Amino acid sequence: MNWLVKNFLRGLVIVVPIAVTIYILYEAFIKLNSLLVLPTPGLGLLILLGGTIVIGALGGNIVGRSVLRLTEAVFTRAPVVRIIYAAIKDLLEAFVGDKKRFDKPVAVLLSPWADVRALGFVTQDDLAFLSLPGDVAVYLPFSYSMAGALVVVPREHVERLDADSASIMALVVSGGVSRV
């Protein structure tokens, strides 16, 4: 009986991550592909990917940047749209844009008497615009979630880490079990 339970649990550890990953990729494929209703499976996704690449390339030239500035002007003036657009744009740029924000991994001292630290990323080095000249803004991601918290801490409580940002993010999001 012990052998059955042990091997069943080992099988779960092997099968569940594979199955869930395949399921998520499948669902993402189906959802993205269904945005363009075409008779050939996968063609909608291919067109979306190609279109995104073309738009990205156009965004790098003078005409594309002009159109992008005009689009941003419209989106940043609309009251509710501005909030949604700015949040999504900032989040994407933080991970993959030219202005990556999660590129400064740190350990933040949360409790000096217990030597408790949290891992995060400096997002603002200078908070003088908030009348907090000696403080920095640190994003602390949550485990098993894309959510997190922004904390403002004294600069002396922040220790820079000589580590890859992606590895630190994987470690935190996995609850400390991942070693990418």
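Bear in mind that the values here come from a model prediction, so they are computed numbers and not experimental data.
A single hydrophobic cluster is not seen to contain both L25 and L46; linkage of ILVMFWY side chains at heavy-atom distances under 4.5 Å, directly or through other members, places them apart. At a threshold of 4.5 Å between side-chain heavy atoms, the hydrophobic network of Ile, Leu, Val, Met, Phe, Trp and Tyr places V74 and I83 in two separate groups. In terms of hydrophobic clustering, with Ile, Leu, Val, Met, Phe, Trp and Tyr side chains grouped at heavy-atom distances under 4.5 Å, I24 and V15 are assigned to different clusters. Tracing side-chain contacts under 4.5 Å through hydrophobic residues (I, L, V, M, F, W, Y), one reaches L32 starting from L43; they form part of the same cluster. Both V5 and L12 sit in one connected hydrophobic cluster of ILVMFWY residues. Membership requires side-chain heavy atoms under 4.5 Å apart, directly or through other members.
Nearest heavy-atom pair across Y139 and T123 is CB-CG2, 3.9 Å. Of all heavy-atom pairs between P154 and D135, the closest is CA-OD1, 3.3 Å. Of all heavy-atom pairs spanning V136 and L127, the tightest one is C-CD1, 3.6 Å. Nearest heavy atoms, P105 versus A163: CG-O, 3.3 Å. The shortest non-hydrogen separation linking L150 to A137 is CD1-CB, 3.9 Å.
Annotation: the span from R117 atom CZ to H157 atom NE2 amounts to 10.5 Å, rounded to 0.5 Å. Atoms CZ and CG, from F121 and L161 in turn, are 9.0 Å apart once rounded to the nearest 0.5 Å. Going from atom OG1 of T40 over to atom CD1 of I47 covers 9.0 Å, rounded to the nearest 0.5 Å. Separating the CG atom in L4 from the CG atom in L9 is a distance of 11.0 Å, to the nearest 0.5 Å. Taking CG of L110 as the start and CG of L140 as the end, the distance is 7.0 Å to the nearest 0.5 Å. In this structure, CG in L48 is found 11.0 Å from CD1 in I53, a value given to the nearest 0.5 Å.
No more than 12 heavy atoms of other residues, nucleotides or ligands shown are found within 6.0 angstrom of OH on Y23. Within 6.0 Å of CZ on R77 lie no more than 12 heavy atoms contributed by other residues, nucleotides or ligands. Within a 6.0 Å sphere centred on CZ of F29, other residues, nucleotides and ligands contribute more than 12 heavy atoms.
One N or O on the side chain of R155 and one on the backbone of D125 form a donor-acceptor pair closer than 3.5 Å. The main-chain N or O of V172 is found under 3.5 Å from a side-chain atom of S143 such that the two form a donor-acceptor pair.
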Take E159 and V108 through the side chain to side chain contact (heavy atoms under 4.5 Å, CB included) test and state the conclusion after the steps.
-> CA-CA 6 Å; E159 174 188 347; V108 177; over 6 Å; no
Give the table of side-chain donor-acceptor pairs shorter than 3.5 Å for residues 54-63, with sequence neighbours excluded, one pair per line with atom names and distance.
unit_1, atom_1, unit_2, atom_2, d
N61, OD1, V63, N, 3.1
N61, OD1, G64, N, 2.6

